[in-house]
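What follows is one structure encoded as structure tokens, with my remarks underneath.
Note that these values count all heavy atoms, side chains included, but never hydrogens, waters or copies made by symmetry. Each residue takes its place number in the sequence, starting with 1. All values derive from a computational prediction rather than experimental measurement.
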Amino acid sequence: MNEIKCQLVVIGGGPGGYVCAIRAGQLGIDTVLIEQEKLGGTCLNVGCIPSKALIHVAEEFEKLTTYTQASALGLSAANPALNLQQSMIWKNGIVSRLNTGVGVLLKKAGVKQLTGRARFTDGKTVLVDARDGETRIQTDNAVIATGSEPVELPSLPF
């Protein structure tokens with residue numbers, strides 16, 4: 001089992017966690033960030049960013065279809081087609097570049113990164129279960145930035 005000592009552990013690599021970790025690193029605080037999956041959180045990986053990329057593809061395709069009628073100049077795009085597989089590859093490339101960018105910012109700030117599931121064993125110890133084994137982290141402080149879930153109200157069920 002690996003062992004690490006640090007001043008701050010940040011659990012969660014979404015926009016709350018990675019910004020916290022970067023700033024702490026910039027301030028010279030010995031920081032470890034733990035993310036279970038990919039850096040960036042829901043928005044970057046499966047929410048806002050991928051959705052906006054695919055909306056952009058749809059908008060560009062819609063523009064293309066407006067050129068199916070010959071213009072006064074004699075120009076037309078007779079049979080526009082959408083290659084959804086290629087659009088998904090393009091979208092995934094955007095997400096990947098942004099994930100990498102977050103990692104670069106963390107590294108530049110001197111933040112150590114671990115991929116795995118974190119759990120507290122006591123108030124100052126975090127155990128990280130990763131693919132390559134367990135890591136025990138002794139820390140002075142911890143930030144839990146694992147995101148949120150909407151609350152279903154009894155009068156307004158989902």
Side-chain angles (χ1 to χ4, degrees), residues 1-62 81-158:
M1 175 182 305
N2 296 325
E3 299 222 7
I4 298 174
K5 290 186 180 184
C6 65
Q7 292 174 281
L8 174 64
V9 165
V10 179
I11 301 172
Y18 76 73
V19 170
C20 174
I22 289 168
R23 187 64 181 133
Q26 291 169 338
L27 293 171
I29 299 169
D30 183 23
T31 304
V32 175
L33 179 124
I34 304 162
E35 169 54 44
Q36 183 172 305
E37 294 180 23
K38 294 181 180 179
L39 294 171
T42 297
C43 179
L44 192 156
N45 290 293
V46 295
C48 314
I49 302 299
S51 296
K52 287 179 181 180
L54 292 175
I55 288 168
H56 178 69
V57 168
E59 288 170 343
E60 292 301 308
F61 182 73
E62 194 274 331
L82 173 64
N83 181 334
L84 186 58
Q85 184 177 9
Q86 183 59 41
S87 296
M88 296 300 283
I89 290 168
W90 176 76
K91 181 263 306 175
N92 291 340
I94 290 171
V95 171
S96 178
R97 284 190 301 278
L98 292 172
N99 286 126
T100 301
V102 171
V104 168
L105 292 172
L106 288 161
K107 187 173 184 176
K108 184 177 178 183
V111 176
K112 295 174 205 73
Q113 300 171 55
L114 292 175
T115 301
R117 186 169 178 84
R119 60 185 165 94
F120 286 93
T121 57
D122 62 44
K124 300 282 185 181
T125 309
V126 176
L127 191 63
V128 180
D129 297 318
R131 289 183 202 151
D132 57 348
E134 291 184 333
T135 300
R136 182 183 315 278
I137 303 172
Q138 295 292 323
T139 187
D140 298 327
N141 302 286
V143 172
I144 302 171
T146 56
S148 61
E149 293 182 16
V151 176
E152 184 172 344
L153 301 174
S155 61
L156 297 170
F158 295 140

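Under the 4.5 Å side-chain criterion, counting only non-hydrogen atoms from C-beta, R119 is in contact with D129. Contact check for I4 versus V9: no side-chain heavy atoms found under the 4.5 Å cut-off. Side-chain atoms of L33 and L39, non-hydrogen and from C-beta on, do get closer than 4.5 Å to each other. Between I11 and F120 the shortest side-chain heavy-atom distance falls below 4.5 Å. Looking only at side-chain heavy atoms (C-beta outward), Q36 and T146 stay at 4.5 Å or farther from each other. Residues S87 and F61 are not in side-chain contact: their nearest non-hydrogen atoms beyond the backbone lie 4.5 Å or more apart. Contact check for V95 versus N99: side-chain heavy atoms found under the 4.5 Å cut-off. Inter-residue side-chain proximity for T135 and L114 is flagged as met; some heavy-atom pair is nearer than 4.5 Å.
When all heavy atoms of A24 and L8 are compared, the closest pair comes out as CB-CD2, 3.6 Å. Of all heavy-atom pairs between P15 and G41, the closest is CD-CA, 4.4 Å. Closest non-hydrogen pair, P150 versus F158, comes out as CB-CZ, 3.8 Å. Taking each heavy atom of C20 and V143 in turn, the nearest pair found is SG-CG2, 3.9 Å. In terms of heavy atoms, A21 sits closest to L106 at CB-CD2, 3.9 Å. For the residue pair P50 and C43, the shortest heavy atom distance occurs at CD-O, 3.5 Å.
The distance from atom CD1 of I22 to atom CG of L27, rounded to the nearest 0.5 Å, is 12.0 Å. How far CG of D140 is from NZ of K124: 5.5 Å, rounded to the nearest 0.5 Å. Once rounded to the nearest 0.5 Å, the distance linking OG1 of T42 with CD of E37 reads 9.0 Å. In this structure, CD1 in I89 is found 12.5 Å from CD1 in I94, a value given to the nearest 0.5 Å. Here R23 contributes atom CZ and T31 contributes atom OG1; the two are 11.5 Å apart, rounded to the nearest 0.5 Å. One distance of note links CD of Q113 with NZ of K107; it measures 8.5 Å at 0.5 Å rounding.
Atom CD1 of I144 has 12 or fewer heavy atoms from other residues, nucleotides or ligands within 6.0 Å. A 6.0 Å sphere centred on NZ of K91 holds more than 12 heavy atoms belonging to other residues, nucleotides or ligands. Residue Q86 qualifies as enclosed at atom CD: its count of foreign heavy atoms under 6.0 Å is above 12.
A donor-acceptor pair shorter than 3.5 Å cannot be found between the side chains of T115 and E35.
Salt bridge D30/K5: absent, no basic N to carboxylate O contact under 4.0 Å.
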Check step by step if side chain to side chain contact (heavy atoms under 4.5 Å, CB included) holds for V32 and T139. CA-CA 9 Å; V32 175; T139 187; over 6 Å; no
